Amino acid sequence: MTKTKSIFICQTCGYKSVKWAGKCPDCNEWNTIAEELESDRPASQTFPIFDEIKTSEPKPLSEIGAEEAARVKTGINEFDRILGGGLVGGSAVLIGGSPGIGKSTLLLQISNFLADSGVKVLYVSGEESTSQTKLRAERIGTRSSNLYIVNETNIELIMEYIKKLSPQTVIIDSIQVLFRPDISSSPGSVSQVRECGSALVFLAKKMNISVFMIGHVTKEGVLAGPRLLEHMVDTVLYFEGESHTSFRILRAFKNRFGSTNEIGVFEMTTNGLVEIANPSSIFLNERPKSVSGSVVVPTIEGSRPILVEIQALVTPTSLTVPRRQAQGLDYNRVSLLAAVLEKRLGFNLKTCDVFVNVAGGIRVNEPAVDLGISLAIISNLKEKPVQASDVIIGEIGLGGEVRGVTQLGTRLNEVARLGFKRAVVPKINLKDSSRKSPIEVIGVSTVKEAVDIML
Ligand code: TYD
Ligand code: MG
């Protein structure tokens with residue numbers, strides 16, 4: 001017999017308390033604490049399938065074979081790269097993203113590739129009926145007999161199916177609709193997501209089944225339901241993109257088996273997602289020629305260089321506090337750079353609204369794009385375009401000095417490959433690169449020098 005007890009849980013961070021509070025003491029969010037009934041039965045005793053698990057004795061590391069960490073190719077190169085070279089058996093992967101971004105499509109395509117290569121896959125579709133999934137599958141051309149689909153949200157039954165079918169990969173679409181019938185709170189609540197999530201992770205580890213869980217993301221960009229799911233799984237991927245463009249970016253946020261910050265670029269077509277091996281050319285495709293405020297920056301995403309266009313618009317403000325707006329960039333960074341340009345270079349931005357944007361819907365987080373942002377702002381302010389064949393890279397300090405960046409060589413190779421002629425880079429980086437660059441490289445140590453050269 002299971003005992004249940006009443007407990008108050010923050011729906012955002014999973015903080016537990018015996019009494020209700022208006023504000024969560026852990027994550028400081030208001031009105032997120034709700035009452036739930038908790039079962040005190042641990043995950044390992046919940047489902048009959050777990051009875052079959054053999055206890056594993058400790059053994060010396062040297063006796064553990066490499067095949068236990070072997071990777072399976074998913075058939076989508078971009079996806080394999082993000083995972084760190086393929087899917088690790090027995091791993092639990094969480095894929096988050098806003099509704100309609102293409103999570104179900106991506107996982108159905110992956111299921112299809114895996115099934116085609118002989119892996120038995122169970123796709124648990126809790127949100128769509130099996131015939132809806134079939135329609136989607138026809139659209140992307142799925143036909144393997146190794147791919148099993150079931151429409152179910154009760155985790156006890158799902159565990160039964162897994163026991164009967166013994167698949168090597170299980171896809172859960174989505175974790176927020178699953179429920180354990182012995183817990184009274186509704187699907188998507190912290191208790192349900194945590195209990196179902198931990199049972200699935202347990203299943204992955206103990207039975208060596210790769211489990212993919214789809215998770216919805218709220219407007220603020222965090223996983224709906226508890227963040228604690230992110231701690232449980234091995235890999236957390238986020239599927240991002242602007243709904244009005246067809247480009248999608250899959251980003252590794254956490255990865256126990258590979259590097260984070262790795263991204264994969266896809267395009268949503270009428271026949272499913274197609275990987276884009278050469279993203280730089282896509283992001284620069286619609287770049288206007290000879291327009292002020294547009295600058296190309298070679299940024300690094302994970303292990304690969306991507307050229308992006310940064311655009312700035314500086315207009316006279318009608319507000320007492322001028323606006324600073326950033327899309328695809330860190331807002332605070334843009335405000336800080338505007339302040340540096342104001343104080344160190346004497347540009348009058350106090351009376352101007354500043355809008356900065358990365359074209360193509362991609363997000364760039366590294367400080368190495370500082371110089372690009374600053375040049376785009378100054379270029380638009382002075383109404384002077386930078387040369388179409390120029391690129392710029394460098395981090396800016398509060399003194400207006402240009403600081404070094406990592407992987408300059410990789411960035412310059414990509415710049416040269418795409419036909420750019422000149423790069424303005426941090427002077428300090430030129431000391432250690434004795435190698436000959438295929439394009440003209442100019443070192444600068446202050447923002448002012450960069451402005452004098454490029455504008
Ligand atoms: P979907 O995978 O259902 O998104 P999610 O599971 O993240 O909510 O994708 C939904 C969108 O993708 C929908 O607007 C239709 C579009 N789509 C295509 O453009 N081409 C396709 O081949 C498929 C299957 C979907
Ligand atoms: Mg879906």
Side-chain angles (χ1 to χ4, degrees), residues 74-76 78-79 82-83 92-116 121-144 147-155 158 169-179 187-188 192-193 196-197 200 211-225 229-230 233 235-253 263-276 282 360-363:
T74 60
I76 301 183
E78 291 284 286
F79 195 73
I82 297 166
L83 291 177
V93 182
L94 177 67
I95 299 190
S98 37
I101 204 85
K103 302 178 295 297
S104 306
T105 308
L106 177 70
L107 284 182
L108 197 61
Q109 280 181 270
I110 289 167
S111 308
N112 185 35
F113 275 115
L114 287 173
D116 269 346
V121 182
L122 175 64
Y123 192 107
V124 182
S125 167
E127 300 190 341
E128 296 173 14
S129 69
T130 43
S131 54
Q132 279 172 319
T133 310
K134 170 85 180 162
L135 276 181
R136 183 200 299 274
E138 273 171 6
R139 219 170 144 182
I140 61 176
T142 316
R143 61 213 146 326
S144 176
L147 175 55
Y148 292 77
I149 312 253
V150 63
N151 172 250
E152 187 51 69
T153 52
N154 180 344
I155 189 144
I158 293 170
T169 299
V170 175
I171 316 270
I172 303 291
D173 186 1
S174 67
I175 186 72
Q176 275 110 355
V177 298
L178 292 201
F179 71 97
Q192 290 289 11
V193 171
C196 296
L200 288 163
V211 176
F212 287 93
M213 291 180 242
I214 291 179
H216 292 293
V217 157
T218 59
K219 261 206 230 93
E220 293 77 41
V222 297
L223 214 64
L229 207 52
E230 292 181 349
V233 297
T235 304
V236 180
L237 307 176
Y238 276 102
F239 211 23
E240 312 167 348
E242 302 289 325
S243 49
H244 55 89
T245 69
S246 57
F247 297 112
R248 302 283 180 267
I249 290 153
L250 190 65
R251 188 186 292 276
F253 175 76
I263 67 161
V265 185
F266 297 88
E267 183 174 7
M268 179 64 94
T269 68
T270 46
N271 299 317
L273 290 155
V274 178
E275 45 190 318
I276 291 176
I282 298 281
I362 184 172
R363 246 200 103 72

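Everything quoted here is computed from the prediction, not taken from an experiment. Ligands are counted one by one from 1 in listed order, and the atoms in each one are counted from 1 as well.
- Residues L200 and I155 have side chains in contact (heavy-atom distance under 4.5 Å, counting atoms from C-beta outward).
- Residue contacts with ligand 1: P99 is included, with a non-hydrogen atom under 4.0 Å away.
- Minimum interatomic distance between T133 and S125 (heavy atoms only, all atoms of both residues): OG1-OG, 3.5 Å.
- Heavy atoms only, all atoms of each residue included: E152 and L178 are closest at O-CD2, 4.2 Å.
- Residues I276 and E267 approach most closely at CD1-CB, 3.7 Å, considering heavy atoms.
- Residue contacts with ligand 1 leave out L108, since none of its heavy atoms falls under 4.0 Å from the ligand.
- Looking at atom 4 (O) of ligand 1, its nearest protein heavy atom turns out to be G102 N, 3.1 Å.
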Using atom types as modelled, flag every donor-acceptor pair under 3.5 Å from a side chain in residues 106-114 to any protein atom, sequence neighbours excluded.
| residue | atom | partner | partner atom | Å |
| --- | --- | --- | --- | --- |
| Q109 | OE1 | L273 | N | 2.8 |
| Q109 | NE2 | L273 | O | 3.0 |
| S111 | OG | L107 | O | 2.6 |

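- Summarising the geometry, atom OG1 belonging to T153 is positioned 7.0 Å from atom CD1 belonging to I158; distances are rounded to the nearest 0.5 Å.
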Practice item. Go through the steps for N154 and F179 under the test side chain to side chain contact (heavy atoms under 4.5 Å, CB included), then give the verdict. Key: CA-CA 5 Å; N154 180 344; F179 71 97; 3.8 Å; yes
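- Counting only heavy atoms of the protein, atom 2 (O) of ligand 1 lies nearest to T105 OG1, 2.6 Å.
- Checked by atom type and distance alone, the side chain of K103 pairs as donor or acceptor with a backbone atom of S98 at under 3.5 Å.
- Between F79 and F212, the ring planes are tilted. Angles from 30° to 60° get that label.
- N151 and T130 make their closest contact through N-CG2, 3.7 Å (heavy atoms, listed as atom of the first residue, atom of the second, distance).
- Here T270 has backbone heavy atoms under 4.0 Å from ligand 1, and that is the only part of it that gets that close.
- For the atom pair CD1 (I263) and CG (L237), the distance works out to 12.5 Å, reported to the nearest 0.5 Å.
- Counting only heavy atoms of the protein, atom 14 (O) of ligand 1 lies nearest to G100 O, 4.4 Å.
- Each protein N/O/S atom under 2.8 Å from the Mg ion (ligand 2) was counted, for a total of 1.
- Shown here, atom 10 (C) of ligand 1 is in close reach of the protein: a heavy atom of it lies under 4.0 Å off.
- Below 4.0 Å from some heavy atom of T269 lie the following atoms of ligand 1, by number and element: 18 (C), 19 (O), 20 (N), 21 (C), 22 (O).
- Any N or O atom pair closer than 3.5 Å counts here, and M268 shares no such pair with ligand 1.
- Only the backbone of N271 comes within 4.0 Å of ligand 1, judged by heavy-atom distances.
- Interface atoms of ligand 1 facing G272, defined by a heavy-atom separation under 4.0 Å, are 20 (N), 21 (C), 22 (O).
- Of the inter-residue distances, the one linking E240 atom CD with R251 atom CZ reads 4.5 Å to the nearest 0.5 angstrom.
- In terms of protein heavy-atom proximity, atom 6 (O) of ligand 1 is nearest to S104 OG, 2.6 Å.
- Scanning the protein for heavy atoms near atom 15 (C) of ligand 1, the closest one is R139 NH1, 4.4 Å.
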- request: Might you work through the side chain to side chain contact (heavy atoms under 4.5 Å, CB included) test for E78 and L250, ending with a clear yes or no?
  value: CA-CA 9 Å; E78 291 284 286; L250 190 65; over 6 Å; no
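- Nearest non-hydrogen protein atom to atom 1 (P) of ligand 1 is R136 NH1, 3.4 Å.
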